[in-house]
Amino acid sequence: MAGPCLRSRRMNVFVTGGAGYIGSVCVEMLLDEGHNVTVYDNLSEGHEDAVDPRALFIHARISDRSNINETVQDAAPDAIIHFAANSLVGESMKNPGKYFRNNVSNSLKVLDAAVEAGVKKFIFSSTAATYGIPEEMPITEETPTAPINPYGESKLAMEKFMRWYHEIHDLEYVALRYFNAAGASERFGEHHRVETHLIPNILQVALGQKDNCQIFGDDYPTPDGTCVRDYIHVLDLASAHILALQEGISGVFNLGNGDGYSVKEVVDACRRITGKGIEAIQQPRRPGDPPRLVADADKARQVLGWEPEHSGLDNIVETAWRWHSAHPNGYAK
Ligand code: UFG
């Protein structure tokens with residue numbers, strides 16, 4: 001798999017959530033580049049078959065403070081990449097406590113474990129949901145943060161904590177604010193037990209698993225009335241994590257392409273690429289959806305040396321379609 005090919009030494013990397021969608025692809029890329037990887041995941045969201053067999057897999061919870069401490073001590077990693085989290089915006093509006101417990105309180109245990117084990121670098125999965133409904137577009141890291149759901153709030157809280165840990169404990173941190181992760185590698189793809197995301201929902205129709213997909217809202221202030229998002233290939237997200245391992249870099253970075261596609265454009269791309277009709281039903285707006293989210297990712301380009309290479313919408317849909325066609329039930333046995 002093509003990665004960023006950092007000319008760095010072989011590193012020991014500890015990955016929480018390495019059995020999840022973005023985590024699994026990042027672990028694969030780390031291993032392809034010759035790094036040692038320990039995956040720590042409780043499989044509540046992830047899947048055992050999504051863990052690259054070349055990694056050491058530890059099936060455990062980050063909420064277990066003594067276990068995460070001991071495991072990080074034993075692994076003695078150069079860096080921790082912390083993916084493990086809950087990430088459903090809608091669920092966070094119904095059950096905020098789950099998000100603050102898992103994404104903040106339990107993440108703090110991982111952060112503390114990093115400090116106690118003398119780890120130098122902490123890389124964190126953040127989100128465009130930290131911005132809420134921004135007034136300016138495209139969104140830079142200077143755009144004010146104002147989350148409109150507990151999910152975004154939980155990620156923003158961790159960003160703030162990491163800044164203090166950096167200042168006080170000298171822990172380097174990189175918070176990567178993902179826009180809309182999509183696509184698949186040859187081996188690993190997107191399988192959520194509760195699937196809310198647009199592209200996998202459309203592809204379920206193409207696979208004949210559902211009669212139609214839904215378009216949430218057609219009265220937004222966008223060219224065709226449907227929401228516009230910045231879809232970024234999961235391989236490009238993975239390569240940003242590897243670049244973030246470079247010494248001496250801390251801060252917050254947007255990860256997106258800077259191209260926005262509407263829901264209708266995504267449905268059309270899926271029809272074209274799969275060759276299937278794909279019926280789409282117009283529905284009311286989904287609560288909490290900002291009309292338009294498009295990234296300015298210049299900072300990641302300049303500071304990390306990141307360049308998205310896989311992210312045209314067609315390539316995203318093609319790779320997702322290939323993976324879902326080969327794994328119609330995802331990782332389910
Ligand atoms: N959508 C539909 N039909 C569907 C699913 C989604 O029309 O069946 C629409 C949504 O309303 C939205 C767009 O497609 O306008 C994209 O929705 P997704 O659920 O795929 O993604 P979101 O933009 O809601 O959320 C993503 C991540 C979140 C992150 C957020 C940042 O999944 O974790 O981007 O803005 F917080």
Side-chain angles (χ1 to χ4, degrees), residues 17 20-23 45 83-93 99 102-103 124-134 137-139 143 145-156 158-159 175-183 190-192 194-206 209-234 237 254-257 259-270 278-295 297 313 316-317 320:
Y21 169 40
I22 305 170
E45 298 293 335
F83 290 101
N86 293 111
S87 61
L88 298 179
V89 170
E91 183 186 49
S92 81
M93 293 294 281
Y99 281 71
N102 286 346
N103 294 2
F124 178 69
S125 300
S126 190
T127 169
T130 51
Y131 295 109
I133 304 181
M137 207 61 60
I139 300 166
T143 300
T145 49
I148 56 165
N149 50 61
Y151 169 63
E153 194 73 72
S154 70
K155 293 290 185 173
L156 186 59
M158 277 301 293
E159 287 189 4
L176 299 171
R177 290 180 177 162
Y178 312 151
F179 281 62
N180 286 62
E190 185 168 13
H191 174 190
H192 298 107
V194 177
E195 190 51 82
T196 61
H197 294 105
L198 180 63
I199 293 174
N201 266 299
I202 301 171
L203 295 180
Q204 284 172 5
V205 185
Q209 295 173 338
K210 286 195 318 194
D211 292 339
N212 50 58
C213 64
Q214 302 178 310
I215 296 179
F216 297 135
D218 64 353
D219 55 352
Y220 286 97
T222 59
D224 66 16
T226 65
C227 287
V228 170
R229 292 289 182 274
D230 186 334
Y231 295 89
I232 177 82
H233 200 289
V234 65
L237 291 181
N254 285 342
L255 296 181
N257 286 301
D259 296 324
Y261 293 98
S262 73
V263 174
K264 282 187 179 163
E265 286 174 316
V266 175
V267 174
D268 284 343
C270 292
I278 308 182
E279 186 185 357
I281 308 269
Q282 199 60 58
Q283 296 287 3
R285 290 182 178 196
R286 187 174 71 174
D289 277 339
R292 194 158 180 263
L293 291 172
V294 178
L313 182 60
I316 284 175
V317 174

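Atoms within each ligand, like the ligands themselves, are counted from 1 in listed order. All figures in this text were calculated on a predicted structure; none of them were measured in a lab. Numbering of residues begins at 1 and proceeds along the displayed sequence.
- When heavy-atom distances to ligand 1 are checked against a 4.0 Å cut-off, Leu293 comes that close only through its side chain, counted from C-beta outward.
- Scanning for side-chain contact (heavy atoms from CB on, under 4.5 Å) contacts around Val266 gives Leu198, Ile199, Ile202, Tyr231, Tyr261, Cys270, Leu313, with sequence neighbours left out.
- The contact set between ligand 1 and Cys227, taken as ligand atoms under 4.0 Å from a residue heavy atom, comprises 15 (O).
- In terms of protein heavy atoms, atom 4 (C) of ligand 1 is closest to Phe216 CE1, 3.4 Å.
- For ligand 1, the atoms lying closer than 4.0 Å to a non-hydrogen atom of Thr127 are 29 (C), 31 (C), 36 (F).
- Residue-level proximity to ligand 1 for Leu198 is carried by backbone and side chain together, each with a heavy atom below 4.0 angstrom.
- Near Ser87, the atoms of ligand 1 lying under 4.0 angstrom from a non-hydrogen atom of the residue are 33 (O).
- The neighbour count for Met93 CE, taken as heavy atoms of other residues, nucleotides or ligands under 6.0 Å away, does not exceed 12.
- Residue Ile215 has at least one heavy-atom neighbour below 4.0 Å for each of these atoms of ligand 1: 7 (O).
- The aromatic rings of His192 and His197 are tilted relative to each other, their planes meeting at an angle between 30° and 60°.
- Taking distance alone, with nitrogen or oxygen atoms compared against 3.5 Å, His197 approaches ligand 1 more closely than that limit.
- Formation of a donor-acceptor pair under 3.5 Å by the Tyr21 side chain with backbone atoms of Ala182 is found in this model.
- Considering only non-hydrogen protein atoms, atom 11 (O) of ligand 1 sits nearest to Asp289 OD2, 2.5 Å.
- The single protein non-hydrogen atom nearest to atom 5 (C) of ligand 1 is Thr196 O, 3.3 Å, given as residue, atom name and distance.
- With distances taken over non-hydrogen atoms, the option nearest atom 19 (O) of ligand 1 out of Arg286, Gln204, Gln214, Arg229 is Arg286.
- A side-chain N or O of Glu91 and one of Tyr99 form a donor-acceptor pair less than 3.5 Å apart.
- Under 4.0 angstrom from ligand 1, the non-hydrogen atoms of Tyr231 all belong to its side chain.
- Between Ser262 and Thr222, the closest side-chain pair of non-hydrogen atoms is not below 4.5 Å.
- Cation-pi geometry between Arg285 and Tyr220 is met: under 6.0 angstrom from the ring centre, within 45 degrees of the axis.
- Proximity of Leu237 to Leu176: side-chain heavy atoms (C-beta onward) are nowhere separated by under 4.5 Å.
- Of the protein's non-hydrogen atoms, the one nearest atom 22 (P) of ligand 1 is Asn180 ND2, 3.5 Å.
- Counting heavy-atom neighbours within 6.0 Å of Asp219 CG, excluding the residue itself, gives a total above 12.
- Under the side chain to side chain donor-acceptor pair (under 3.5 Å) criterion, Tyr131 pairs with Arg177, Asn254, not counting sequence neighbours.
- Distance from atom 9 (C) of ligand 1 to its nearest protein heavy atom, with residue and atom name: Val263 CG2, 3.7 Å.
- Residue-level proximity to ligand 1 for Tyr151 is carried by the side chain, the only part with a heavy atom below 4.0 angstrom.
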